[in-house]
Amino acid sequence: MRNVQSASLECSQYSNLIIGPNGSGKTSLLESMAVLSQGKSFRNSLKKSIIRDGQSSLTVSALLRAIDSDSMETRIGISKFGGGKTVAKVALEKVQRVSTLSSLLPVCVIEPNSMDIIEGGPSFRRQLMDWGVFHVEHGFIDHWRRFSHALKQRNALLKTGQKDSSNQLDYWNRILVPSAEYVTNVRQKYMMELEETLSRSLTHFFMDDGIRIVLRDGWTDAGGYSECLDKTITKDLRYGFTTIGPHKADLEICAGNHLAKDYLSRGQKKLAVYAIRLAQIEQLQRKSGRQVSLLLDDLPSELDTNNCEKVCKEIKRIGCQVFITSINNTDLNSMIIDTLDPNVFHVEHGTVSV
Ligand SMILES: Nc1ncnc2c1ncn2[C@@H]1O[C@H](COP(=O)(O)OP(=O)(O)O)[C@@H](O)[C@H]1O
Ligand SMILES: [Mg+2]
C-alpha cells in the first residue's frame with residue numbers, strides 16, 4: 001500500500017493512535033483499512049495509485065474477533081491488482097462481493113474531505129445516509145443495485161428521445177418503481193430512527209439544537225413513484241435522463257433558518273460532520289450489535305483542542321473502535337492518550353513500530 005511495504009498491527013478493540021511525521025504513511029495505513037472494508041480508498045483523486053510503485057498488487061487482511069467472545073475469529077482479506085481486478089475473501093473462501101466484507105467490518109471515515117458532507121453536492125450526503133441504511137437494512141443493497149441497473153437502461157432509452165420506445169420504458173419502469181419505493185422507504189425509516197441520537201449528538205457538540213436535517217427523497221410521493229414518472233415523462237425525454245427518483249435524494253442540513261453550508265464556520269461544519277457520523281455509528285452499533293471501526297485522519301484540522309477533546313470523549317462514550325492519526329503534537333497526543341488510553345503506533349518512512 002503506497003509507501004508501506006508491509007505492516008502488521010496488533011490493534012486495540014477500542015482506541016489506536018498512529019503517530020508519525022508528514023509523508024510517513026499514516027493516511028496510507030487508514031486507507032488500507034478502508035480498502036479492506038469498502039474495496040476502495042477514501043482518497044478519490046488518488047484511487048489508482050494506492051498500489052505501491054513497482055508492485056502489481058496489494059493485499060490487506062484482518063483477523064476479526066467478536067466483541068463478546070475471544071474465541072470467535074474470522075479472517076477477511078482483499079487483494080487489488082493493477083488491472084483493476086479485486087479478490088475478496090472470508091475465512092480463505094472467495095466471496096463475490098466486497099459488500100460481504102463491509103458488513104463484517106463496518107468502517108466509517110472522517111477526514112478533511114468529509115467537509116463535502118456539508119459543502120459538497122447531494123451525492124456526498126446520499127453516500128452518508130446509505131452507509132447507515134446498508135448496515136441496518138439487509139435488503140437495501142440488492143434493491144439499490146436493481147434500481148441503478150434499471151435507471152441506467154431507462155436513461156439510455158430516454159437519450160434516444162423516441163416516443164415509440166414506450167413499451168420498453170414501461171418494462172424498465174416496472175423494475176425501477178418497486179426498488180425506488182423500497183429505497184425511499186428504508187431511507188425515511190433510517191433518518192427517522194436516527195433523529196433522537198442525532199439531536200443528542202448535535203447538542204453535545206453545539207450545546208444547542210439549532211441544526212436540523214431534513215430528507216428530500218428526490219421525488220414527491222403523492223400517488224407513488226410510478227405516477228410521478230408518468231407526469232415527468234415529457235421532461236425526462238427532453239433532458240434525456242430520469243429527472244426524479246431516489247438517485248436525486250438529498251439531506252438538507254440547516255442551521256437556524258439558513259443552509260449550514262452558507263452559515264456555519266469551517267470549524268462548526270467540521271463539528272457538524274463529527275456529530276452526524278458519530279450519531280450514525282452509535283445508532284448502528286445499538287441496532288446491529290456490531291462494533292464500527294472509525295478511521296479518523298487529521299483530527300485537529302479546523303478544530304481547537306477543546307473540541308478535539310469533545311470528539312474523543314464522545315468516541316469513548318460510544319465505544320466504537322477508532323484509529324486516529326497524528327503528527328508529533330505533544331499536547332494533542334497527551335490529550336488523546338489521557339482520554340482514550342489507545343494502543344500507540346509510530347510510523348516512519350512506511351515502517352510501523354510500537
Ligand atoms: N503508490 C505509491 N507508492 C509508493 N509511495 C507512495 C505511493 N503513493 C503515495 N506514496 C507516498 O507515500 C507517502 C505516505 O503518504 P501518506 O500516507 O499520505 O502520509 P501521511 O499521512 O503520514 O502524511 C507519501 O510520501 C507519498 O509520496
Ligand atoms: Mg496523512
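Whatever order the structure lists them in is the order used to number ligands and atoms, beginning at 1.
Note on ring orientation: taking the six-membered ring where Trp is involved, the planes of Trp131 and His135 are perpendicular (angle over 60°, cut-offs 30° and 60°). Ring-plane geometry between Tyr263 and His258 is classed as parallel, the angle between the planes falling under 30 degrees on a 0 to 90 degree scale with a further cut at 60. Classified by interplanar angle (parallel below 30°, tilted 30° to 60°, perpendicular above 60°), the ring pair Tyr182/His143 is parallel.
Distance remark: protein heavy atom not present below 4.0 angstrom from atom 27 (O) of ligand 1.
Evaluated by nearest non-hydrogen atom to atom 14 (C) of ligand 1, the leading choice among Gly23, Ser49, Gly350 is Gly23.
Near Ile51, with a cut-off below 4.0 Å to any heavy atom, the atoms of ligand 1 are 1 (N), 2 (C). Using a 4.0 Å cut-off to heavy atoms of Asn22, the atoms of ligand 1 that qualify are 23 (O).
Looking at Lys26 next to ligand 1, an N or O pair under 3.5 Å apart turns up. Looking at Ile50 next to ligand 1, no N or O pair under 3.5 Å apart turns up. The shortest N or O to N or O distance between Arg52 and ligand 1 is not below 3.5 Å.
Salt bridge absent: Lys287 and Glu137 never bring a charged side-chain N and a carboxylate O closer than 4.0 Å.
Using a non-hydrogen distance threshold of 4.0 Å, Arg43 registers as a contact of ligand 1.
For Thr325, every N, O or S atom stays at 2.8 Å or more from the Mg ion (ligand 2).
A centroid separation of less than 6.0 Å is found between the aromatic rings of His149 and Trp172.
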